[in-house]
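First up is the structure itself, then whatever we jot down about it.
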Amino acid sequence: MARQPMRRAKSVGAGLPTKEQILDYVQTAGAKVGKREIAKAFGIKGGDRIALKQLLSEMADDGLIAGNRKAVRPKGGLPPVTVLEIVDLDREGDLIAEPVSWDDAEGDRPRALVSETDQPVPARSGRGRSGIDRALGVGDRILAEVRPATEDDGTSFRFVAVPMKRLPREKTRQLGIFKQTKRGGMISPVDRKALKEWQVTRDDAGRAKDGDLVRFELLRRGRFHAPQARIAEVIGNPSDQRQISLIAIHAHGIPDEFPESVLAELEDLPDLDDKGREDLRHIPLITIDPADARDHDDAVHAAPDPSPSNPGGVIVTVAIADVAYYVRHGSRLDHEAMRRGNSCYFPDRVVPMLPERISNDLCSLREQEDRPCLAVRMVFDASGRKQSHIFKRALMRSHVKLSYEEAQRAFEGQACDRTAPLLETVIGPLWAAYGVVQRGRNARAPLDLDLPERKVRLGPDGAVRDIEVPQRLDAHRLIEEFMIQANVAAAETLEAKKHAAVYRVHDQPGKEKLQGLRDFLATLSLKLPAANTLRPEHFNRVLQQAQSLPVPDLVSEVVLRSQSQAVYDVTNIGHFGLNLKRYAHFTSPIRRYADLLVHRALIAALEFGDDGMPREHLAKLRSIAQDISDLERRAMAAERETVERLIAAYLADRVGATFGARISGVSRSGLFVRLDETGADGFVPISTLDGLYHHDDTQHALICHALGTGYALGDRVTVRLVEAIPTAGALRFEMLSDGRRFTTKGGRQNRGRPGRTSSPRLRGRRR
C-alpha cells in the first residue's frame with residue numbers, strides 16, 4: 001500500500017472546525033499530524049490559532065486525542081507510522097501486532113491486523129524490497145504504516161498495519177526496579193553491566209508502585225540535566241510474587257503466556273489412533289527422570305540379543321513421545337512452539353514450549369497409560385558398537401516411573417518395593433546394556449567434561465533454602481548415553497534417506513581460544529598437540545593429568561571455555577565434543593523445537609503418515625535452525641541470570657562476611673572470584689587492590705611489578721563481601737589475601753611489600 005498523501009480538509013468557512021471534523025481529519029490524514037498541519041488543513045490563521053490550541057486542549061482533556069502539539073492522534077489510536085511487535089495469531093492464522101511503546105494511561109494497547117497484501121515486507125514468504133528472506137512471525141518487530149481498518153479488510157480490529165521494514169529483535173529490554181521517593185522515584189538496574197540509577201518524575205512514574213519491575217525509556221532533558229526515565233510498562237513485583245525469574249523472562253522477551261488462539265486449538269486435537277502403529281505395549285519400557293519431573297518424553301528398555309551371530313550383544317529400545325501427532329505443521333501450536341524454541345527452566349518455575357495439556361498430559365509417557373510414540377530399536381555388539389537400528393511409529397505404555405535416585409539404588413542392590421519386582425526383568429538388563437554401550441563410548445573417547453552444576457533449592461516462602469551440587473549418578477549417564485545413541489540413529493536415518501535435517505553440530509575450537517588455553521596450560525606445565533591433529537582424547541589427557549594438580553576443576557572450566565558452541569544447522573559438520581560424525585536432536589520434542597523438526601523429517605522420510613515435514617518447508621530449515629540456536633542461547637542466559645540473582649539475594653544478608661574462593665577469571669578491570677561455599681561468582685575491582693596492578697594476558701594474572709606480587713587464575717584467596725545487588729545478580733568483594741610472588745619482566749624476583757587486596761554446557765541433554 002502506497003503512503004496516502006496529506007489530504008486537505010473540507011472548507012468550513014469562518015471559525016473553527018468541530019471536534020468531529022478534527023477527529024476525522026486526524027484519523028484519515030495518513031501522516032504525522034500536529035497543530036500546524038490541522039491549522040493549514042482547515043485554513044485557520046491569525047488569532048484563530050489560539051482558539052484552535054484551546055480546542056485541542058479540551059479534546060485532550062475529554063480523552064478524545066493524545067499526543068503533543070507536534071503529533072496528535074485519537075486517544076487509544078496509533079500514529080500513521082510506528083514500531084510494532086507481532087504478538088499473536090488470530091483464528092485464521094493472520095499476524096496481530098501491538099505498539100512497542102505505549103502510555104499505560106491510555107488503557108490497553110491497541111492491536112492491529114498485519115496486512116498480507118500490497119506490502120514491502122512479506123508476512124508469509126518470499127523476499128521483499130528490504131532484502132528479507134524469512135517470513136514474519138510472532139516476536140518480530142516491524143516499522144509499519146498504520147491505517148484505520150475498513151469493511152473491505154474483513155477484520156474486527158480497529159487498525160491495519162502494513163510492514164515497511166523488519167527491525168532487529170530486542171536482545172534485552174530496558175528493565176529496572178522502581179523505588180518510590182517524595183519527588184517521584186528512582187529506577188535501579190537489573191543488568192549488572194549498567195549499575196546506575198535513573199530518576200523518574202511523578203508524571204513519568206505512571207501507576208508504578210514501590211518494588212515493581214518496570215520497563216522504562218530514557219529521556220533527554222537537556223545537556224546539563226541528570227539522566228531521567230519514563231516508565232512505559234508496569235510488569236509486576238518479583239518480591240511479592242516470589243518469582244525473581246520474572247526479571248529474566250521480561251528482560252529477554254521470553255513469552256510466558258499462551259495466546260488464546262493457541263489454547264483454543266487444544267480443543268480440536270486428534271484422539272489417540274493406533275492405525276498404522278506397531279503395538280509395543282508388551283515391552284516393559286520405563287521412564288527414569290528427576291524426582292520432580294512433570295513431563296516424561298523418553299522411555300527405555302534393554303535385553304540381551306538372542307541372535308547367535310551377536311554373542312554378548314544387546315538390544316536397546318528408546319521410545320519418544322510422538323509430539324508431531326498433536327502439534328501439526330502450520331498450526332497455531334506449531335507457530336507458538338517455534339516462537340519459543342525451547343522450554344526454559346528456572347528454580348521457581350518452568351516456561352514450557354508447549355501448553356501443559358500436551359507437555360504434561362497427552363505427550364507425557366505416564367505410568368500405565370497408552371501413548372503414541374516414535375521408537376528406535378538399536379542392536380549393539382559386545383564391544384558397544386551399534387550394528388543396526390530401525391525406527392517405528394508405535395503405541396507404548398510405560399510400566400513404571402522411576403527417579404534417578406530410585407534407579408541408582410536398585411542398580412546398587414538396594415531395591416525398594418517398587419523396584420524389587422523389576423530387578424531381573426527390567427533394571428538388571430538395562431544396567432548390563434549400559435555396561436556394553438559404555439564400552440563403545442570409551443572407545444569413541446568423547447570430551448569428558450563432567451563439571452559440577454549448581455542447583456538452587458527454594459523454600460515454601462520462595463526464598464533460597466540452600467545451594468547444592470547434585471551427585472552425578474550412573475543412572476544419569478545411562479539415560480544420557482542411550483539418548484545420544486538414539487540421536488545418532490535419527491541423523492543416520494535421515495542422511496541415508498537423503499532427507500533434509502536439522503543437525504546438532506559442534507565445531508572444533510577456534511585458533512584464538514586454543515592459543516589462550518595453551519598459554520594457561522603452560523603455566524601448569526601441561527601441553528596440547530598441534531591444532532590440526534586435535535581430537536577430544538587430547539583434551540581428556542590434559543584433564544586426567546590435571547587431577548594431580550591443586551586446580552583440576554579450574555582446568556576443566558578453562559578447557560570448556562576454549563570449546564566452540566554447539567548449534568543447530570542443516571549443514572552437517574559433525575559433533576567434535578561427542579566425537580560423532582552425525583548427530584541430530586530427537587529425544588526431547590516436548591521441550592525442544594529442533595527435536596520436533598527431526599520427528600517430522602523422520603515421519604516424512606519413512607512414510608509414517610501425512611503429518612511429516614512438508615516439502616515446501618525444507619527451504620526454510622536453515623533460517624529456522626539459526627532462530628532456534630539464538631532462542632537456546634536466550635534461554636540459557638535467562639536461566640543463568642536468574643540463578644545469579646537468587647544467589648545474590650541469598651547472600652545479601654551476609655555483607656561483611658568473609659569467604660574462601662578461587663580466582664575464576666582475570667580482566668583488565670579486576671578479578672572474578674568463585675566462592676567455595678556456594679559456587680557464587682563475584683568481582684574484585686582492580687581499583688581496590690593495594691598497589692598499581694597491570695593485566696598480564698599470557699600469565700592470566702594481575703601483577704604489581706613494583707611489588708613483585710600478583711593474583712593469577714586459579715589462585716585460592718579469601719575475600720570479604722562488600723555489596724550484593726539481588727536484582728542485578730551482582731556481588732562485589734574486597735580482597736583479603738596477599739598476592740603471591742611473580743617474576744618481573746627482567747627475570748628478577750622483586751621481594752617488595754606484598755599487595756593487599758560461566759557457559760553453554762556440553763554435558764547432559766543440551767549437547
Notebook entry, point to check: Does any non-hydrogen side-chain atom of Ile484 lie less than 4.5 Å from one of Tyr583?
Noted result: yes

Margin query: Can you confirm whether Leu333 sits close enough to Val262 that some side-chain heavy atom of one is under 4.5 Å from a side-chain heavy atom of the other?
Written below: yes

Notebook entry, point to check: Between Leu266 and Pro355, is any pair of side-chain heavy atoms under 4.5 Å apart?
Noted result: yes

Notebook entry, point to check: With a 3.5 Å cut-off and no angle check, do the side chains of Tyr650 and Asp466 form a donor-acceptor pair?
Noted result: no

Check: From Met636 CE over to His252 NE2, what is the distance, rounded to the nearest 0.5 angstrom?
Finding: 12.0 Å

Check: Does the ring of Phe380 carry Arg385 above it, NZ/CZ under 6.0 angstrom from centre and within 45° of its axis?
Finding: no

Next item on the list: With the side chain counted from C-beta on, respond yes when His506 and Gln563 share a heavy-atom pair under 4.5 Å apart, and no when they do not.
Entry: yes

Next item on the list: Taking atom CZ of Arg294 as the centre, report whether more than 12 heavy atoms of other residues, nucleotides or ligands fall under 6.0 Å from it.
Entry: no

Note to self: Can you tell whether the side chains of Glu480 and Arg477 come within less than 4.0 Å, N to carboxylate O?
What the structure shows: no

Notebook entry, point to check: Between Ala302 and Ala433, which heavy-atom pair has the shortest distance, and what is it?
Noted result: CB-CB, 3.5 Å

Notebook entry, point to check: Is there a side-chain contact between Asp569 and Arg622, using heavy atoms and a 4.5 Å cut-off?
Noted result: yes

Note to self: Could you report the tightest heavy-atom contact between Arg674 and Gly679, atom names first, then the distance?
What the structure shows: CG-O, 3.7 Å

Note to self: For a quick test of reading the model, state the closest non-hydrogen atom pair linking Ser629 to Val567 and the distance between them.
What the structure shows: OG-CB, 3.7 Å

Check: Under a 4.5 Å cut-off applied to non-hydrogen side-chain atoms, are Ile427 and Leu402 in contact?
Finding: yes

Notebook entry, point to check: Is Arg409 salt-bridged to Glu405, going by a charged N under 4.0 Å from an acidic O?
Noted result: no

Check: Any donor-acceptor pair under 3.5 Å linking the side chain of Ser364 with the backbone of His296?
Finding: yes

Check: Glu492 pairs by side chain to side chain contact (heavy atoms under 4.5 Å, CB included) with which of Lys497, Arg582, Lys581?
Finding: Arg582

Check: Between CG of Asp381 and OG of Ser388, what distance do you get to the nearest 0.5 Å?
Finding: 10.5 Å

Item checked: Side-chain donor-acceptor pair present, Ser359, Asp295, cut-off under 3.5 Å -> no

Notebook entry, point to check: Using a distance-only test with no angle check, is there a side-chain donor-acceptor pair under 3.5 angstrom linking Asn540 and Gln544?
Noted result: no

Margin query: Would Arg371 and Tyr325 count as a cation-pi pair here, with the cationic atom under 6.0 angstrom from the ring centre and within 45° of the axis?
Written below: no

Notebook entry, point to check: If you draw a 6.0 Å radius around CD in Glu607, do more than 12 non-hydrogen atoms from other residues or ligands fall strictly inside?
Noted result: no

Margin query: Is any side-chain heavy atom of Phe608 closer than 4.5 Å to one of Asp322?
Written below: no

Margin query: I'd like to know if the side chain of Asp305 pairs up with that of Ser307 as donor and acceptor (distance under 3.5 Å, no hydrogens or angles considered).
Written below: no

Check: Cationic tip of Arg591 within the cone over Tyr593's six-membered ring, i.e. under 6.0 Å and within 45° of the normal?
Finding: no

Checklist line | Within 6.0 Å of CD in Glu424, more than 12 heavy atoms from elsewhere | finding: no

Checklist line | Under 3.5 Å donor-acceptor, Gln408 side chain and Ala475 backbone | finding: yes

Next item on the list: Please name the pair of heavy atoms, one in Arg439 and one in Ala382, separated by the smallest distance, quoted to 0.1 Å.
Entry: NH1-O, 2.5 Å

Notebook entry, point to check: How many angstroms lie between atom CD1 of Ile283 and atom CG of Leu285, to the nearest 0.5 angstrom?
Noted result: 6.0 Å

Check: Should we count CG of Asp271 as having more than 12 external heavy atoms under 6.0 Å?
Finding: no

Check: Taking atom types as modelled and ignoring hydrogens, do the side chains of Glu632 and Asn342 form a donor-acceptor contact shorter than 3.5 angstrom?
Finding: no

Notebook entry, point to check: Are the side chain of Thr287 and the backbone N or O of Ala299 linked by a donor-acceptor pair below 3.5 Å?
Noted result: no

Check: Any Lys/Arg nitrogen of Arg377 or Glu278 sitting under 4.0 Å from an Asp/Glu carboxylate oxygen of the other?
Finding: no

Item checked: N-O pairing of Arg444 and Glu481 below 4.0 Å -> yes

Check: Between His335 and Arg339, is a side-chain contact (heavy atoms from CB on, under 4.5 Å) present by the stated rule, with each step listed?
Finding: CA-CA 6 Å; His335 281 293; Arg339 173 195 179 196; over 6 Å; no

Note to self: Taking the side chain as everything from C-beta on, heavy atoms only, tell me whether Glu356 gets closer than 4.5 Å to Asp361.
What the structure shows: no

Item checked: Heavy-atom donor-acceptor pair, Arg340 side chain to Leu354 backbone, under 3.5 Å -> no

Checklist line | Closest contact, heavy atoms only, Ala324 versus Arg600 | finding: CB-CG, 4.1 Å

Notebook entry, point to check: To the nearest 0.5 Å, what is the distance between CZ (Arg281) and CZ (Arg397)?
Noted result: 5.5 Å

Note to self: As a quick check of understanding, evaluate side-chain contact (heavy atoms from CB on, under 4.5 Å) for Asn579 and Leu447, giving each step before the final call.
What the structure shows: CA-CA 8 Å; Asn579 200 12; Leu447 188 59; over 6 Å; no

Checklist line | Rounded distance (nearest 0.5 Å) linking atom CE of Met353 with atom CZ of Phe258 | finding: 9.0 Å

Notebook entry, point to check: If you draw a 6.0 Å radius around CD in Gln547, do more than 12 non-hydrogen atoms from other residues or ligands fall strictly inside?
Noted result: yes

Check: For the rings on Phe586 and Phe391, is their centre-to-centre separation under 6.0 Å?
Finding: yes

Check: Which pair of non-hydrogen atoms, one from Val318 and one from Phe482, has the smallest distance, and what is that distance?
Finding: CG2-O, 4.0 Å

Note to self: Whether the side chain of Asp348 engages the backbone of Ser245 through a donor-acceptor N/O pair (distance < 3.5 Å, no angle test) should be reported.
What the structure shows: yes

Notebook entry, point to check: Rounded to the nearest 0.5 Å, how far does CG of Asp611 lie from CD1 of Ile603?
Noted result: 4.5 Å

